[in-house]
Amino acid sequence: MRAQSSATTPSRIAVGDAGTAAGGTSLGTLQAALGVVAFSLTFPATAWGLEGFGPWSLIAVRSLLAAVIAGGCLLALRVPLPERRHWSGLAVVAAGVVLGFPLLTTLALQTSTTAHAAVVVGLLPLTTALLSALRVGSRPSRGFWIAALAGAAAVAAFTVQQSGGALTTADAYLFAALLVCAAGYTEGGRLARVMPGWQVIGWALVLCVPLTAPMAAVALSFEPVHLTAHSVTGLLWVAVGSQFLGLVVWYRGMAAIGIPKASQLQLAQPLLTLVWSVLLLGEHLTVAAPLTAAAVLVCIAATQRARG
């Protein structure tokens, strides 16, 4: 009996470990998906915010409000300062996610529709996967790359068709935003393996306060402000939902399921943003939108099944 018991114990442990791993993967996927939903509302919320705030005021105030919330959480929980070796990575997160991406996309949205901006930023998953392979040494499978490239091609074709084949200044801002955001996501995902995801974005936001505080003061003194229900709601969402809470669950998800696979969930982001642009902003979609949606959803399923 003892021999039988000792023989069955390892299998039970293996089954238990497999169940725990599966549960962790499912939770990580859910967290990353919640982050994508939060991010999908960023462009419509920014468009609302621009109804009452200037671009520089909106960028600075959203980051400052998010930093106040994050800093309050860090103080309340008495979180110690990150180790010195992590500050360079946090600086990349701050430059890419806290400052660079909001700045460049807000400037783009002054002349671009949210629908157009959404499909351009749909190239972010592939950009993030590429930087991840270079930065953290991840090596996704060939099937993963085929599906990722197919999804990026579908998004790129949609973008070119929408813009008539000519790139604009807004597109230049958006492509630059892709690079800085992908770098921030990659560093944030790497840091989220060694510290909680909310602390990663929290410290990045606090790190930017010496820049965002004076920037907000100057911008608000020069740019007119018209407080409306739309502008205030848009500001609060991009500050709390997109800039803090969305990034908290996003980084936790990336740490659990890996940067490449989490990044491919963002292929759904432009499609969700298209829906929000119709419902919240009254924008009109072309026939190509549902076709792109179907192609991208197939690619999402393929990348999630591919083993890295």
Side-chain angles (χ1 to χ4, degrees), residues 27-28 30-49 53 57-79 81-82 86-87 89-106 121 124 128 177 180-192 195-213 215-216 231-256 262-263 265-266 269 272-273 276:
L27 179 60
L30 175 61
Q31 290 172 328
L34 289 174
V36 170
V37 173
F39 300 153
S40 71
L41 282 160
T42 300
F43 286 174
T46 299
W48 274 7
F53 295 90
S57 298
L58 184 62
I59 295 161
V61 173
R62 68 177 277 185
S63 297
L64 192 58
L65 284 177
V68 170
I69 297 172
C73 293
L74 291 169
L75 285 175
L77 296 175
R78 298 181 180 180
V79 177
L81 289 172
H86 296 321
W87 281 107
L90 289 171
V92 174
V93 175
V97 177
V98 178
L99 295 177
F101 186 78
L103 169 63
L104 293 166
T105 54
T106 299
V121 175
L124 182 58
T128 303
V180 298
C181 188
Y185 280 173
T186 300
E187 283 301 308
R190 184 182 65 83
L191 289 172
M195 68 174 69
W198 76 270
Q199 292 183 23
V200 174
I201 186 58
W203 286 117
L205 286 164
V206 171
L207 191 63
C208 291
V209 169
L211 291 175
T212 55
M215 179 180 170
S231 63
V232 172
T233 301
L235 171 62
L236 291 177
W237 180 259
V238 293
V240 181
S242 303
Q243 194 86 66
F244 184 59
L245 296 179
L247 285 168
V248 168
V249 292
W250 174 243
Y251 282 142
R252 287 179 64 90
M254 281 200 295
S263 70
L265 289 174
Q266 276 198 302
Q269 183 175 323
L272 291 172
T273 300
W276 301 131

Contacts of Leu235 meeting side-chain contact (heavy atoms from CB on, under 4.5 Å) (sequence neighbours excluded), chain-then-number -> Phe53, Leu58, Val61, Arg62, Leu65

Taking all non-hydrogen atoms of both residues, which atom of Gly188 and which atom of Val93 are closest, and how far apart?
-> N-CG2, 3.6 Å

When the aromatic ring centroids of Trp198 and Tyr251 are compared, is their separation below 6.0 Å?
-> no

First locate atom CE of Met195, then atom CH2 of Trp203, and finally report the distance between them rounded to the nearest 0.5 Å.
-> 9.5 Å

Taking C-beta and beyond as the side chain, do Phe43 and Trp276 meet within less than 4.5 Å on heavy atoms?
-> no

Hey, what do you get for CG (Leu247) to CZ (Arg252), rounding to the nearest 0.5 Å?
-> 13.5 Å

Search all heavy atoms of Leu90 against all heavy atoms of Ala204 and return the closest pair with its distance.
-> O-CB, 4.0 Å

Apply the test side chain to side chain contact (heavy atoms under 4.5 Å, CB included) to residues Leu205 and Thr212: give CA-CA distance (whole Å), side-chain angles for both, the deciding distance (0.1 Å), then the verdict.
-> CA-CA 9 Å; Leu205 286 164; Thr212 55; over 6 Å; no

Applying side chain to side chain donor-acceptor pair (under 3.5 Å), run through Thr233 and Trp48 and close with a yes or a no.
-> CA-CA 8 Å; Thr233 301; Trp48 274 7; over 6 Å; no

Kindly indicate whether the side chain of Gln199, heavy atoms from C-beta on, has any atom under 4.5 Å from the side chain of Val79.
-> yes

Can Thr46 and Trp237 be said to form a side chain to side chain contact (heavy atoms under 4.5 Å, CB included), step by step?
-> CA-CA 9 Å; Thr46 299; Trp237 180 259; over 6 Å; no

Tightest non-hydrogen contact, residues Ala183 and Val92, listed as O-CG1, 3.8 Å

Quick one: does Val238's side chain get under 4.5 Å of Pro102's, heavy atoms only?
-> no

Which pair of non-hydrogen atoms, one from Gly89 and one from Arg190, has the smallest distance, and what is that distance?
-> CA-NH2, 4.2 Å

Nearest-0.5 Å distance, CG of residue Leu211 to CG of residue Leu64 = 11.5 Å

Ring pair (Phe, Tyr, Trp, His ring centres under 6.0 Å) assessment of Tyr185 paired with Trp250 | CA-CA 9 Å; Tyr185 280 173; Trp250 174 243; 5.4 Å; yes

From Thr42 OG1 over to Gln269 CD, what is the distance, rounded to the nearest 0.5 angstrom?
-> 6.5 Å

What one should report as the nearest heavy-atom pair of Val180 and Phe101 is CG2-N, 3.8 Å

Phe39 backbone acceptor or donor facing Ser242 side chain under 3.5 Å | no

Hey, what do you get for CG (Leu272) to CG (Leu41), rounding to the nearest 0.5 Å?
-> 8.5 Å

Atom CD1 in Ile59, atom OG1 in Thr105: separation rounded to 0.5 Å?
-> 7.5 Å

Going by heavy atoms in the side chains, are Glu187 and Val97 under 4.5 Å from each other?
-> no

Please answer whether the main-chain N or O of Val98 pairs with a side-chain N or O of Ser63 as donor and acceptor at a distance below 3.5 Å.
-> yes

Tightest non-hydrogen contact, residues Gly241 and Ala38, listed as O-CB, 4.0 Å

